[in-house]
Amino acid sequence: LGTDLTTLGLNLNSPDTLYSTFGSPWADTPAKREPEFYIPMCYYMQ
Amino acid sequence: DFATSHGKFSAHEQDSIMSMLEGSLKSLPEPNDSERHRPKPKPYLTPSYYPQVAAGIFENPQLFEKFDTDTLFFIFYFQQGTYQQYLAAKELKKQSWRYHKKYLTWFQRHEEPKEISNDSEQGTYVYFDYETGWCQRKKTEFTFEYRFLE
Amino acid sequence: TNDPAGSREQILGMLSDWVNYYLQPSHNDKALLGYLTQPVFQNILKEEESSIRFYRICLEVTIDSCVPVEGTNGKTLSYGALDAFTKLAVLLVKFAENNNIKTGILVKILNIAIKTLARDHDSKGAAKFDQRPYYRIFSNLITELSLHDPTINENTMLQFLTAFSNALIVTSPLKIPGFAFAWLQLVSDRIFMPKLLHTKSQKMWPYFQRLIVELLKFLEPFLRNAELNEPIRLLYRGTLRVLLILLHDFPEFLCNFHFSFCDVIPASCIQMRNLILSAFPRNMRLPDPFTPNLKVDLLPEINHPPRIMSNYANALNAVPGFKQDLENYLRTRQPLSFLPELRNRLLLPGGAVVNGTRYNVPLINSLVLFVGTMAVARVQSMGSFRIAPNATDIFQQLAVELDTEGRYLFLNAIANQLRYPNSDTHYFSCILLFLFQEAQSEAVQEQITRVLLERIIVNRPHPWGLLITFIELIKNQRFNFWSHSFTRCAPEIERLFDSVARSCM
């Protein structure tokens, strides 16, 4: 009869996307949201 | 390809696959196997009553709206490569500062430029001198070439 | 062994210097990039053969350097040298002078990593192969090169994503089972997966669909036999998590490729299939299927065909002459021999048994959707359901002529089209009820009921089209449902029907 899919550690009612805190297919809990950012090379001082 | 065209495995193949799968459980990737390696200075050992991990609020863009420009420049020049530098740069841009890639310096219009062309603008600016005075200075008759605009 | 004398030592020296330079915390990307402009690097990397040798030796050595960190009983590996190498690769790719060279370097390094992985996997075997260093290499490359970077234009990014997708297709569990866990983690990586699925004009969707199909094909034999030992159970739950994320964040992807996935999900995996069929476009508001007197045929959505990106006629083309005969019959209702012969043409040649059945399941799935799609087009052009008798002939013929096993597969193929409100869902819902009503034997009616019921009694989610069809079946007097003896054939079945009827009412 399948699995209660609400017990897989994903907040299926979340208004946000789930992938941004998806740690791994084996994780029972969401991962910390890693900020995605890009630092241009010119921001680095020698 | 272990599976023939229909995805069917022979009994032998199935056993071999299962033993590979069972063996690979030992090396199931853990979170630390994908933790980004960011060359960070070793954390300075502080007494336990100091916070041992950075507070989450330092990843919140709203906090950067409350910092004064001096703080934003400090974060930008002294925390390079971090998410905080990224947030500080975003906040400076929101406050109409513009980064000059050649001088590695932030400029802000002091008044409307006298001239604007496709390639540059010219006029009086304020810039943040991070090298000698760690203060804001005025520069007249400056030409900001857009090819140096980050 | 055929490396020129001294080349290995030279490369090891360069690698060692590079790793030491990389590990200095004060050396940021800009300094690292400056380091790579040294002539010694430029000379070795501009030659095809010497560059391949450089990457290969660096990869082998840095992979071997991933040894367990003291005191972590093998749980944690040291990745310093390997991270240094992947950083070198990322900088070379990112700052190559043009897009083709960027992509060329990436593809070259991925190919070498794949060859090393495959050779390692086959030579070390289950006891000694460790998937984590390879996971780290691909994870570092994917993360660093998929991240938003204004210096990488969209076209180059697509080439990178294509290179990564091809690398993952080539290293799928069907080919390298000992890498399966790392592989699924890479496919569902929180940066990579959305990158593929957020691409404008859905250019990368066929690649991601191929990756999911590779995974489902690998699992199929184990799931079909319900052999859920520890590794398969872990992979199965991991797959459910990935599908749930697709359902929540990218439902249109599941909608557009439902046919490909149902083709490779075993009939016994009812909940996983329901999960995929429950997807509906985010801009759609689903009418509550339990609304009393819901008038499905008045819903505007049922006049719109669903978007189907799977090439669902593939299996028809694979059987010589089948598609032509079928199209001919649908057009002219000729030759009369087409119908009586149809049943045998759905069997696998030579009485073969594949995946536990004598039937060519992909062909049945393809036939049902193809006939239904043609009928819907005709109905829409003529304005009435009755105007597609050729199609209903075929469905009725199969309902009558097929044996229990074949009819189960046939009815499943129809039930796989009961999804969100669209013209296919409506048509196939009507067809299923029509076959129930017109059935000459109660066995067919029982089997139609079974196919619906076994999809309803599993844990959620349930596709909208499945619910409205079952509710119609048990509520509409025309079908006289409760009068059938099979609804009372055993106490637990009677209780089951009562409970399902109560929840549906």
Side-chain angles (χ1 to χ4, degrees), chain A, chain C residues 26-34 91 94-95 135 143 146-152 181-195 197-198 215 234-250 269-275 454-455 457-461:
Chain A
L1 297 184
T3 313
D4 176 356
L5 298 181
T6 60
T7 61
L8 292 178
L10 298 171
N11 175 8
L12 301 175
N13 293 320
S14 160
D16 301 326
T17 58
L18 296 181
Y19 66 77
S20 46
T21 56
F22 186 53
S24 100
W26 336 119
D28 287 323
T29 54
K32 176 177 159 309
R33 189 181 299 270
E34 279 278 315
E36 203 190 303
F37 64 101
Y38 162 76
I39 301 279
M41 198 50 82
C42 58
Y43 276 9
Y44 289 110
M45 302 307 130
Q46 187 50 7
Chain C
S26 58
H27 291 152
N28 58 38
D29 282 13
K30 188 169 190 174
L32 294 171
L33 190 60
L91 292 172
K94 268 190 168 180
F95 295 97
Y135 169 70
T143 303
S146 305
L147 271 177
H148 168 72
D149 174 342
T151 62
I152 303 284
F181 293 103
W183 182 87
L184 183 53
Q185 204 149 330
L186 290 166
V187 166
S188 60
D189 177 273
R190 71 174 98 166
I191 292 176
F192 181 62
M193 176 165 67
K195 273 287 181 194
L197 295 174
H198 273 153
L215 172 65
L234 207 52
L235 269 176
Y236 174 69
R237 283 171 69 90
T239 303
L240 284 180
R241 285 195 178 97
V242 174
L243 292 176
L244 280 170
I245 287 180
L246 293 174
L247 182 65
H248 185 277
D249 296 349
F250 307 102
C269 273
I270 296 173
Q271 183 181 37
M272 182 188 270
R273 192 179 45 207
N274 272 357
L275 193 162
E454 68 182 14
R455 292 170 182 239
I457 59 176
V458 295
N459 271 297
R460 290 181 300 161

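All figures in this text were calculated on a predicted structure; none of them were measured in a lab. Lettering of chains follows the sequences in order, A, B, ..., and the numbering in each one begins at 1.
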To the nearest 0.5 Å, how far apart are [atom1] in [X] and [atom2] in [Y]?
X      : Y      : atom1 : atom2 : result
A:Y44  : C:L32  : OH    : CG    : 9.0 Å
A:T21  : C:I245 : OG1   : CD1   : 7.5 Å
C:R460 : A:D4   : CZ    : CG    : 7.5 Å
C:L33  : A:M41  : CG    : CE    : 5.5 Å

- Query: Within the distance-only criterion (no hydrogens, no angle test), does the side chain of C:R241 pair as donor or acceptor with the backbone N or O of A:L10 below 3.5 angstrom?
  - Reply: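 Not a single qualifying donor-acceptor pair exists.
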
- Without swapping roles, check the side chain of C:D249 against the backbone of A:T17 for a donor-acceptor pair under 3.5 Å.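 Checked: no pair found.
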
Nearest heavy atoms of [X] and [Y], plus distance in Å:
X      : Y      : result
A:D28  : C:R237 : OD1-NH2, 4.4 Å
C:H248 : A:L12  : CD2-O, 3.2 Å
C:L234 : A:W26  : O-CZ3, 3.5 Å
A:F22  : C:R190 : O-NE, 3.7 Å

- Message: So which residue, C:L184, C:V242, C:T143, ends up with the most heavy-atom pairs under 4.5 Å with chain A?
- Response: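 Option with the greatest count: C:L184.
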
- Item | Max heavy-atom pair count under 4.5 Å with chain C, selected residue of A:G23, A:G9, A:A27, A:C42 |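 Of the candidates given, the most pairs with chain C belong to A:A27.
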
Tell me, side chain or backbone of [X] under 4.5 Å from chain A's heavy atoms, or both, or neither?
X      : result
C:N459 : both
C:L235 : both
C:F181 : both

- Can you list the steps and then say if A:L5 with C:Q271 is a side chain to side chain contact (heavy atoms under 4.5 Å, CB included)? CA-CA 10 Å; A:L5 298 181; C:Q271 183 181 37; 3.4 Å; yes

- Task: Tell me, for A:T3 versus chain C, whether the close heavy atoms (under 4.5 Å) come from the side chain, the backbone, both or neither.
- Result: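 For A:T3, the contact with chain C is made by backbone and side chain together.
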
- Query: Do the ring planes of C:H198 and A:Y19 sit parallel (below 30°), tilted (30 to 60°) or perpendicular (above 60°)?
  - Reply: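 Perpendicular.
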
